[in-house]
Amino acid sequence: MTGDSHLLPAARSLYSYMISAAPPRPKSAIAILGATGSIGQATLQVLQSLGAPWRAVGVSAHSQVEQLAEIAQSARPPLLAATCPESANRLDSKSLPQDCQLLLGPEALVEIARSPQVDTVVAAIVGSAGLLSTLAAAEAGKRVALANKEALVVAGQLVKDALGRSGGDLIPVDSEHSAIFQAIHAGAARDVSRIILTASGGPFRTWSADQIAAATVQDALAHPTWQMGRKITIDSATMMNKALEIIEARWLFDLRSDQIQVVVHPQSIIHSLVEFVDGSVVAQLSPPDMRLPIQYALTYPDRTDCPCPKMDWSAGMQLDLEPADTERFPALELGWEVARRGGSCGAVLNAANEAAVQAFLAGDLRFPQICEGCRRILDEHHYDPNPALDEIMRLDRWAREEIHRWVTAC
Ligand SMILES: NC(=O)c1ccc[n+]([C@@H]2O[C@H](COP(=O)([O-])OP(=O)(O)OC[C@H]3O[C@@H](n4cnc5c(N)ncnc54)[C@H](OP(=O)(O)O)[C@@H]3O)[C@@H](O)[C@H]2O)c1
């Protein structure tokens with residue numbers, strides 16, 4: 001494989017769009033792509049607490065169509081999408097309000113993302129299934145409230161180019177990147193020396209390598225601080241989630257991989273830190289609750305009251321910081337490597353990981369084999385420094401097939 005480069009493209013970074021001199025005012029017509037998931041549900045709560053004029057004007061579900069019907073009844077969005085055709089067959093159209101238009105299939109996501117009725121798209125689909133709609137929202141000049149980190153991991157350059165053409169803005173929802181986005185305003189972009197992503201350490205923070213090697217699906221799903229979807233929960237256990245976040249940060253803040261550090265913080269209170277050239281470190285703290293970064297991504301640059309619990313500064317508290325252990329969590333090195341090399345590496349790593357996590361959840365892979373499979377497929381792929389969308393989609397399919405082949409051979 002070739003193409004290692006420390007140089008980032010000279011084009012404007014996503015960060016420079018996010019902090020332009022006059023940031024676009026928040027707008028209140030929200031599409032939630034992935035409304036039935038953990039982030040989607042939290043977004044609906046945020047909209048409810050913000051009240052009018054904030055409203056959901058589009059929502060999507062994949063398999064949980066019964067929940068989609070419930071959302072339609074309570075939030076009355078004019079646009080609904082059911083993306084999984086088999087699940088959509090279970091949907092009784094009589095259970096939907098008459099003023100809701102039901103769109104079917106994966107293309108419906110792009111249609112909603114582009115709809116003139118929509119101001120902001122909350123990209124809350126899990127995995128590369130969220131890529132095309134995130135790109136469509138960026139191309140249409142919407143505000144993208146991005147939870148779907150995989151879209152940036154897979155196609156950061158394409159998302160960045162799309163925002164450059166359309167004038168849309170992108171605000172991170174991931175709590176770590178929201179924290180950096182908030183803290184980084186304390187200085188000029190040129191004066192950022194590094195960022196420090198915090199990681200809870202997941203369920204295996206204190207486990208030995210031998211214990212981790214024998215971890216079951218149930219062990220890996222028992223996250224100590226966050227209630228999240230199954231895929232990101234497994235990613236937290238392998239620390240692949242932090243690897244994906246390193247890559248996400250590279251695109252969001254236009255940093256070199258060696259400017260992105262990871263530190264383990266089991267309490268999940270300090271959501272991340274920014275260090276400036278003078279040695280000052282600015283952090284964002286709050287109890288772990290995704291409604292805060294979601295709300296901030298919607299209302300930025302404004303702040304408003306939030307239903308999340310607040311810090312209780314009268315009670316004593318312990319905030320621990322520990323070094324990240326790349327021996328027990330080899331996924332981290334994959335994150336730095338892919339952030340450094342760019343090109344096709346993100347699409348390949350992400351697809352290999354999605355397929356390996358699926359195989360682990362199905363009982364077809366052991367826990368340490370998730371990262372082993374990712375390393376193998378990343379090393380085998382033919383590096384492309386500047387893949388177009390077609391090539392990214394082809395590599396996504398290829399990496400999944402390679403993982404399936406490898407799992408069968410294991
Ligand atoms: N949860 C968190 O606290 C958190 C924090 C930071 C970042 N994130 C990121 O946010 C994203 C969502 O995470 P999550 O925890 O909310 O996941 P989740 O609970 O599993 O929800 C995933 C959502 O995506 C939909 N979906 C799944 N496969 C799809 C497909 N092929 N096509 C279209 N839609 C599909 C699901 O629909 P159905 O449920 O109807 O099948 C659901 O609405 C991920 O990228 C994750 O990394 C999550």
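Counting convention: from 1, in listed order, for ligands and their atoms alike.
Relative ring orientation between His177 and Phe253 is described as parallel, the plane-to-plane angle staying below 30° on a 0-90° scale split at 30° and 60°. Below 30°, between 30° and 60°, or above 60°: for His381 and Trp398 the angle between ring planes is between 30° and 60°, a tilted geometry. The aromatic rings of Tyr296 and Tyr300 lie perpendicular to each other, with more than 60° between the two planes, well past the 30° mark.
Salt-bridge check for Lys310 with Asp305: passed, with a basic side-chain N closer than 4.0 Å to an acidic carboxylate O. With salt bridges taken as basic N to acidic carboxylate O contacts below 4.0 Å, none links Arg394 and Asp390. Here Arg405 pairs with Glu402 in a salt bridge; the nearest charged N to carboxylate O distance falls below 4.0 Å. One finds a salt bridge joining Lys231 and Glu150 here, because a Lys/Arg side-chain nitrogen approaches an Asp/Glu carboxylate oxygen to under 4.0 Å.
For atom 12 (C) of ligand 1, the closest heavy atom belonging to the protein is Ala124 O, 3.3 Å. Taking atom 27 (C) of ligand 1 as the reference point, the nearest protein heavy-atom neighbour is Val126 CG1, 3.8 Å. Looking only at protein heavy atoms, the nearest one to atom 47 (O) of ligand 1 is Lys149 CE, 3.1 Å. Remark: minimum distance from atom 35 (C) of ligand 1 to any protein heavy atom is reached at His62 CB, 3.4 Å. If you check which protein heavy atom lies closest to atom 1 (N) of ligand 1, you get Ser38 OG, 3.1 Å. The protein heavy atom nearest to atom 39 (O) of ligand 1 is Gln64 NE2, 2.8 Å. The protein heavy atom nearest to atom 21 (O) of ligand 1 is Gly37 CA, 3.1 Å.
Not one N or O of Leu109 is nearer than 3.5 Å to an N or O of ligand 1, by distance alone.
In this structure, Gly40 has no heavy atom closer than 4.0 Å to ligand 1.
With a 4.0 Å heavy-atom cut-off, ligand 1 is reached by the side chain of Glu150 but not by its N, CA, C or O. The side chain of Met290, and not its backbone, has at least one atom closer than 4.0 Å to an atom of ligand 1 (non-hydrogen atoms only; side chain from C-beta on).
Both tests pass for Arg341 against the ring of Tyr383: distance under 6.0 Å to the centre and angle within 45° of the axis.
In the vicinity of Thr83, heavy-atom distances shorter than 4.0 Å reach the ligand 1 atoms 32 (N), 33 (C), 34 (N). Ligand-side atoms of ligand 1 in range of Ala129: 30 (C), 31 (N), 32 (N), range being under 4.0 angstrom from any heavy atom. Within ligand 1, the atoms closer than 4.0 Å to a non-hydrogen atom of Asn148 are 45 (O), numbered from 1 in the order shown. Listed by atom number, the atoms of ligand 1 under 4.0 Å from Ser63 heavy atoms are 38 (P), 40 (O), 41 (O). Below 4.0 Å from some heavy atom of Thr36 lie the following atoms of ligand 1, by number and element: 36 (C), 37 (O), 38 (P), 39 (O), 40 (O), 42 (C), 43 (O). Residue-ligand proximity, Ala147 to ligand 1, at heavy-atom distances under 4.0 Å covers atoms 7 (C), 8 (N), 9 (C), 10 (O), 45 (O). For ligand 1 and Ala61, the ligand atoms under 4.0 Å from any heavy atom of the residue are 40 (O). Close approach of ligand 1 to Gly229 (heavy-atom distance below 4.0 Å) involves ligand atoms 15 (O), 17 (O), 18 (P), 19 (O), 20 (O).
Taking a 6.0 Å sphere around CZ of Arg230, one finds it holds 12 or fewer heavy atoms contributed by other residues, nucleotides or ligands. The local environment of CD in Glu391 is crowded, with over 12 non-hydrogen atoms from other residues, nucleotides or ligands closer than 6.0 Å.
For the pair Gln182 (side chain) and Pro293 (backbone), a donor-acceptor distance under 3.5 Å is absent.
Among Leu33, Ile39, Leu68, Asn241, the residue whose heavy atom lies closest to atom 48 (C) of ligand 1 is Ile39. Counting heavy atoms only, Asp174 comes closest to atom 7 (C) of ligand 1 of the residues Val153, Asp174, Leu152. In the candidate list Asp289, Ile125, Ile232, Ile125 is nearest to atom 11 (C) of ligand 1, counting heavy atoms.
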Inset, instruction - Verify salt bridge (Lys or Arg N to Asp or Glu O under 4.0 Å) between Arg375 and Glu333, making sure each step is shown before the conclusion. - result: CA-CA 10 Å; Arg375 162 54 68 201; Glu333 294 290 7; over 6 Å; no
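Side chain to side chain, His271 and Ser178 fail the donor-acceptor criterion of an N or O pair below 3.5 Å.
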